[in-house]
Visitor: 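Dropping the structure in here first, questions after.
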Amino acid sequence: MGLSLTRAAQWTTASSGTGTLVFTPMNESLLKGILHFVEQFDSQHSQEANHVFEEPLQWSTHLVASDFKTDYDFSDSDVHSQEKDIEGHPLLQFSPPTVYVRSFSQLSKLVHLASDKKLEEVRACLEENREPVVKILGTTFAAILEGEDPYSDLRHLIDKEEDPGEDLDVKVKLFHLIHDMDKQLLRELLKEISEQVGLDPTAVKNEVELLKRFCSEGEKRVLKSVRYTSDYEFSNGCRAPLWRQIHGEMCYLVIEPCDTETLCVTCSRAGVFLNGGLNQEGDENAYERTSDTYRDLVTLLKSRSPHFAENINKEDFAVQELPSTQKIQHVESVDAEEQGQPQRSYEQQEKNVHEKPRQQHTLNKAGGEKKYEPCPRWKDLSLVSACGKAEGKKLRKSSGEEKSGEIQKKKLGAGAKSKMKAEFSVSSLPGRLSSLKIKTPAGGMPVDVFSESSSESEEEEEQPERRPESNTDLPSEYWQIQKLVKYLKGGDQTATVLTLCAMMDFNLMQETCQLAIRDVGGLEVLINLLDTDEVKCKIGSLKILRKISHNLQIRRAIVDMGGLQSIVRILDSTVKDLKALAAETIANVARFRRARRAVRQYGGIKKLVKLLDCVPNLASLTEKQEKDVEVARCGALALWSCSKSTKNKEAIRKAGGIPLLGRLLKSPHENMLIPVVGTLQECASEESYRIAIQTEGMIKDLVKNLSSDNDKLQMHCASAIFKCAEDKQTRDLVRLYKGLQPLALLLKKASNKQLLAAATGAIWKCSISMENVAKFQEYKALETLVGLLTNQPEEVLVNVVGALGEFAQIPANKATIRKCGGIKPLVNLLTGTNQALLVNVTKAVGACATDKENMAIIDQLDGVRLVWSLLKNPSADVQSSAAWALCPCIENAKVHLKHRNVSFFHFFMT
């Protein structure tokens with residue numbers, strides 16, 4: 001309806017003028033596709049169907065007033081729909097012979113009323129509304145749809161909206177639906193085109209390779225150069241963009257004859273012809289034909305270059321039909337073996353290639369393409385795809401033939417991605433679309449345009465990508481993985497599974513391997529495999545995505561391609577392995593805000609919560625129960641990542657996640673407990689969760705796991721108690737379940753700073769209750785805390801000093817702090833800049849200052865002046881805490897200053 005009309009439809013005149021659709025099979029297929037889209041729209045997308053168009057679609061219809069039945073009002077010869085917009089205007093108006101339609105709902109109903117004239121109605125509508133998207137969504141959305149990167153442009157448009165409403169959400173959904181329909185139509189048309197008889201990519205490629213032989217230096221030179229305009233080749237052998245392949249075009253060449261100007265040539269299935277100067281793809285006007293159509297390149301060159309015509313017929317340059325193994329260097333065609341043709345040895349080809357590296361490099365630079373030959377191990381497996389490529393389990397670990405100029409130029413640049421990479425043919429797998437699809441970032445779901453409150457920043461998305469300085473920095477694995485991805489694009493089911501297995505043999509946790517998959521377009525292939533009907537292919541794809549998604553660039557790319565939509569959909573699978581892998585992949589991807597939001601938009605939170613429903617609290621499990629536990633563990637991991645978003649925390653609570661997490665908290669399995677406690681401690685920042693953790697009896701289990709041997713589990717339990725212990729009842733429960741002693745014991749693990757920060761935080765909050773302070777004194781926690789006042793990170797110091805401030809509320813503890821040497825490090829911390837630390841330090845110093853001996857040390861260390869200086873701190877909290885601390889300091893300082901014969905006024909002025 002958008003791109004399909006502007007790029008695929010065939011009109012009697014130029015598409016920018018008035019004209020009619022030509023009666024061709026391609027147009028017939030196009031009309032049927034749009035008709036199917038409109039017919040089912042009202043039933044499948046009720047909300048979007050009621051959206052009122054920006055302008056009405058109007059055309060001369062074949063219908064008459066009597067064709068309209070119920071739901072319509074009649075006035076003379078006019079017909080009005082009973083369905084109206086908010087202003088009371090009818091969404092369909094019929095004034096013979098013109099009909100005005102303002103919503104998909106009415107458009108769908110009208111098409112059904114047309115009965116056997118449906119196609120005629122669609123044709124008339126499109127002919128009189130040449131830009132229907134402009135009328136449906138407006139000029140802004142129509143321009144985005146025609147752009148090079150519609151999803152990115154759409155995100156920018158949404159981000160600029162200060163107060164987006166429901167209308168924008170519906171428009172975004174409509175945009176994605178129309179765009180998806182366009183892509184599907186283009187794929188289907190391309191499939192029809194590919195089945196037509198004519199020139200094929202192999203024949204063109206052979207002829208190009210033959211012409212390149214005539215580009216040598218010296219007297220026998222016939223041509224200066226022959227090169228492709230695009231280095232990228234689709235799995236069907238074409239190099240033209242997908243939307244130009246619809247018109248039968250396969251590739252574009254730039255040929256430099258010796259005696260005439262440079263020729264820009266289009267090779268299509270109907271023949272070859274000169275175009276409007278297409279040196280590089282992108283200028284649509286340059287695609288126009290400017291010459292007659294010739295049957296092949298040699299015929300065209302003969303007509304344009306006398307020098308070529310004169311020399312090509314000489315004996316030295318006789319054009320002969322050569323075997324394919326001689327025509328194309330280094331493409332040892334498996335087709336030749338199948339046809340019983342003699343085949344040169346692989347080793348001989350290797351030798352030829354290595355003997356002339358400089359010549360090969362020059363050829364590539366000039367636009368020649370170097371193809372890759374599968375190693376004999378793959379050939380022995382007899383796994384050959386429709387594209388003539390051999391697949392197998394593993395590639396030979398040789399990189400000698402892999403560093404071609406084409407691959408280097410195509411894969412390394414940061415901007416090397418092109419929209420064409422999304423359209424690889426993978427039709428050989430059952431259930432797989434005929435070409436790869438890059439899904440919409442919103443996938444037809446409403447885009448959440450509001451800012452996300454999160455405990456994580458967007459630093460991931462802003463980090464620059466690190467790339468090697470040169471191609472020589474890349475290890476051989478980089479090229480080997482890229483070769484595997486090429487097999488993955490064109491293989492059948494068996495070859496695809498074997499290729500996935502071969503890829504998993506590499507160290508996919510290594511950044512070079514991860515980026516190799518992305519750079520060659522492998523991410524699109526892996527994401528597309530998730531939509532097939534083959535479980536093995538899905539499992540293989542997810543296992544790879546699970547590993548490579550540890551890379552932040554890969555995570556971002558998966559979200560940009562809409563891959564999360566397919567992954568979330570797999571959570572509904574009946575195959576437990578699939579659900580576990582999908583959840584674990586989400587756990588890796590959802591580490592930045594946009595990904596977490598996407599999971600929620602696709603309904604992933606509810607699905608992940610459902611995965612938690614299992615029975616894990618058994619010492620010994622059956623095989624089936626073990627799988628259930630693994631699914632629940634992966635679900636908890638995913639929820640842990642997603643729970644860094646405030647909105648996701650609320651979504652987890654509404655989905656019933658709290659009681660399920662509470663039940664899993666009783667599990668004896670540490671690998672289950674870590675993500676469960678991690679999720680709880682992340683969500684404990686919300687009051688509703690803190691109340692639920694208390695009322696659901698989870699404090700007992702958190703305290704129990706403080707005694708675990710797993711440092712990570714202990715850390716998360718202590719962190720959860722830290723956040724929950726703001727409430728007095730929670731502090732009492734921690735004491736009741738004997739959790740204070742384990743917390744005090746954790747202070748001995750000072751080398752683990754994360755664990756130490758969590759433990760000191762929990763001790764700080766628990767010590768707000770004086771009953772707990774008395775218990776901590778029994779466990780010698782105070783002395784240990786004083787020892788942590790030096791050589792510790794600020795997150796630990798904030799908690800340690802906060803705890804000391806609470807401990808110092810008991811007079812005896814003030815002396816203990818002094819005797820343990822705690823006054824001096826406390827005063828030294830007054831010179832810091834961390835505002836949270838300054839608030840706690842001033843409180844602790846103020847509490848210690850009520851003891852005269854402590855005050856003498858504080859005064860000697862110039863502590864009063866330091867506290868006074870904090871009254872100028874920009875933080876109101878620091879100022880308030882400093883003012884309260886000054887009260888006991890001044891009270892005790894007056895007495896001490898009399899012995900020094902210094903006036904109080906002079907003391908503060910200095």
Side-chain angles (χ1 to χ4, degrees), residues 576 579-580 583-584 587 605 608-643 649 652-686 688-725 727 729-743 745-746 755 758-759 762 766:
K576 294 177 183 178
K579 291 195 287 188
E584 197 167 353
I605 300 297
L608 289 171
V609 169
K610 287 182 181 178
L611 300 185
L612 304 181
D613 194 6
C614 71
V615 185
N617 52 345
L618 298 175
S620 58
L621 301 172
T622 64
E623 184 177 350
K624 180 179 181 298
Q625 289 173 330
E626 285 179 353
K627 285 191 174 182
D628 290 336
V629 169
E630 178 62 14
V631 170
R633 184 191 70 84
C634 295
L637 275 173
L639 289 175
W640 188 5
S641 294
C642 293
S643 64
K649 292 174 187 175
I652 293 171
R653 187 187 65 81
K654 289 183 177 179
I658 296 178
L660 291 175
L661 288 170
R663 190 165 65 183
L664 292 176
L665 194 55
K666 301 181 183 298
S667 171
H669 309 286
E670 284 185 352
N671 63 345
M672 170 70 79
L673 289 171
I674 290 174
V676 170
V677 178
T679 305
L680 287 173
Q681 66 89 16
E682 193 70 51
C683 295
S685 57
E686 300 296 313
S688 59
Y689 275 86
R690 293 196 293 271
I691 295 172
I693 289 172
Q694 176 189 303
T695 56
E696 293 280 347
M698 299 186 204
I699 298 298
K700 182 177 181 179
D701 295 309
L702 291 174
V703 167
K704 174 186 174 183
N705 289 312
L706 285 174
S707 301
S708 167
D709 294 330
N710 189 303
D711 288 358
K712 199 170 184 180
L713 179 56
Q714 289 177 319
M715 178 191 69
H716 292 307
C717 289
S719 181
I721 292 173
F722 170 38
K723 294 180 179 179
C724 294
D727 180 77
Q729 188 173 352
T730 299
R731 297 195 294 269
D732 293 339
L733 288 172
V734 173
R735 183 178 70 254
L736 176 65
Y737 295 126
K738 304 185 185 307
L740 300 180
Q741 185 174 12
L743 287 174
L745 291 174
L746 292 180
L755 175 57
C766 287

Visitor: Starting from the C-alpha separation in whole Å, work towards a yes-or-no answer on side-chain contact (heavy atoms from CB on, under 4.5 Å) for Arg663 and Asp613.
Guide: CA-CA 9 Å; Arg663 190 165 65 183; Asp613 194 6; 2.4 Å; yes
Visitor: Identify every side-chain donor-acceptor pair in residues 697-705 under 3.5 Å, counting partners at least two apart or on other chains, and give the distances.
Guide:
residue, atom, partner, partner atom, Å
Asp701, OD2, Lys666, NZ, 3.2
Asn705, ND2, Asp701, O, 2.9

Visitor: For Leu745, check side-chain contact (heavy atoms from CB on, under 4.5 Å) against everything at least two apart and list the hits.
Guide: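 Gln741, Lys748.
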Visitor: On a heavy-atom basis, which atom in Ser643 and which in Ile652 lie closest, and how many Å separate them?
Guide: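 Between these two residues, the closest heavy atoms are CB-CD1, 4.2 Å.
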Visitor: Side chain to side chain donor-acceptor pair (under 3.5 Å) with Ser708: which residues, sequence neighbours excluded?
Guide: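 Side chain to side chain donor-acceptor pair (under 3.5 Å) list for Ser708, sorted by chain: Glu670.
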Visitor: Looking at residues at least two apart in the chain, or sitting in another chain, which of them share a side chain to side chain donor-acceptor pair (under 3.5 Å) with Ser719?
Guide: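 Checked Ser719 against side chain to side chain donor-acceptor pair (under 3.5 Å); matches are Gln681.
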Visitor: Please determine whether side-chain contact (heavy atoms from CB on, under 4.5 Å) holds for the pair Leu611 and Cys634, giving the CA-CA distance in whole Å, both sets of side-chain angles, and the decisive distance to 0.1 Å.
Guide: CA-CA 8 Å; Leu611 300 185; Cys634 295; over 6 Å; no
Visitor: Side chains of Asn710 and Leu673: does their closest heavy-atom pair fall under 4.5 Å?
Guide: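 No, every pair of side-chain atoms sits at 4.5 Å or beyond.
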Visitor: Got a second to check how far Leu637's CG is from Met672's CE, nearest 0.5 Å?
Guide: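 Result: 9.5 Å between the selected atoms.
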Visitor: Of all heavy-atom pairs between Leu746 and Ala718, which one has the smallest distance, and what is that distance?
Guide: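 Scanning both residues completely, I find the closest heavy atoms to be CD1-CB, 4.5 Å.
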Visitor: What is the minimum heavy-atom distance between Ala684 and Lys723, and which atoms define it?
Guide: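 That closest heavy-atom pairing would be CB-CB, 3.8 Å.
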Visitor: What distance do Gln694 atom CD and Asp732 atom CG have between them, rounded to the nearest 0.5 Å?
Guide: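 Between atom CD of Gln694 and atom CG of Asp732 there are 9.5 Å.
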Visitor: Please find the pair of heavy atoms, one from Tyr689 and one from Arg653, that lie closest to each other, and give the distance.
Guide: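 Closest approach of Tyr689 to Arg653, heavy atoms only: OH-N, 3.1 Å.
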Visitor: Would you check if Lys712 and His716 make a side-chain contact, meaning some heavy-atom pair closer than 4.5 Å?
Guide: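 They are in side-chain contact.
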Visitor: My understanding is that only residues two or more places apart in sequence, or in another chain, count here; which of them pass side-chain contact (heavy atoms from CB on, under 4.5 Å) with Lys627?
Guide: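 Lys576, Asp577.
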Visitor: How far apart are the closest heavy atoms of Val609 and Leu660, and which atoms are they?
Guide: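 Result for this residue pair: O-CD1, 3.4 Å.
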Visitor: For Lys654, what residues pass the side chain to side chain donor-acceptor pair (under 3.5 Å) criterion, not counting sequence neighbours?
Guide: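 Residues passing side chain to side chain donor-acceptor pair (under 3.5 Å) with Lys654: none at all.
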Visitor: If the condition is side chain to side chain donor-acceptor pair (under 3.5 Å), which residues does Ser685 pass it with, not counting sequence neighbours?
Guide: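 Side chain to side chain donor-acceptor pair (under 3.5 Å) list for Ser685, sorted by chain: Lys649.
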Visitor: Using side-chain contact (heavy atoms from CB on, under 4.5 Å) as the criterion, list what pairs up with Asn671, not counting sequence neighbours.
Guide: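 Counting only residues at least two positions away or on another chain, Asn671 forms a side-chain contact (heavy atoms from CB on, under 4.5 Å) with Arg633, His669.
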Visitor: Using a 4.5 Å cut-off on heavy atoms from C-beta on, say whether the side chain of Cys766 contacts that of Leu740.
Guide: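 Yes - at least one pair of side-chain heavy atoms lies under 4.5 Å apart.
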Visitor: How long is the straight-line distance from CD1 of Ile658 back to SG of Cys683, given to the nearest 0.5 Å?
Guide: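 If I round to the nearest 0.5 Å, the distance is 7.5 Å.
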Visitor: Who are the side-chain contact (heavy atoms from CB on, under 4.5 Å) partners of Asp711, not counting sequence neighbours?
Guide: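 Counting only residues at least two positions away or on another chain, Asp711 forms a side-chain contact (heavy atoms from CB on, under 4.5 Å) with Gln714, Lys749, Asn752, Leu755.
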Visitor: Checking side chain to side chain contact (heavy atoms under 4.5 Å, CB included) against Cys724, which of Val734, Leu733, Thr730 comes through?
Guide: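 Testing each of Val734, Leu733, Thr730 against Cys724, the sole residue satisfying side chain to side chain contact (heavy atoms under 4.5 Å, CB included) is Thr730.
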Visitor: At what distance, to the nearest 0.5 angstrom, does OG of Ser667 lie from CD1 of Ile674?
Guide: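 That separation rounds to 11.0 Å.
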Visitor: The criterion is salt bridge (Lys or Arg N to Asp or Glu O under 4.0 Å); which residues satisfy it with Arg690, sequence neighbours excluded?
Guide: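 Counting only residues at least two positions away or on another chain, Arg690 forms no salt bridge (Lys or Arg N to Asp or Glu O under 4.0 Å).
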Visitor: Quick check: closest heavy atoms across Cys614 and Leu664, and the distance to 0.1 Å?
Guide: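 Smallest interatomic distance, heavy atoms only, reads SG-CD2, 3.9 Å.
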Visitor: If I take atom OG1 from residue Thr679 and atom CG from residue Leu612, how far apart are they, to the nearest 0.5 angstrom?
Guide: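 The CG atom of Leu612 is 8.0 Å from OG1 of Thr679, to the nearest 0.5 Å.
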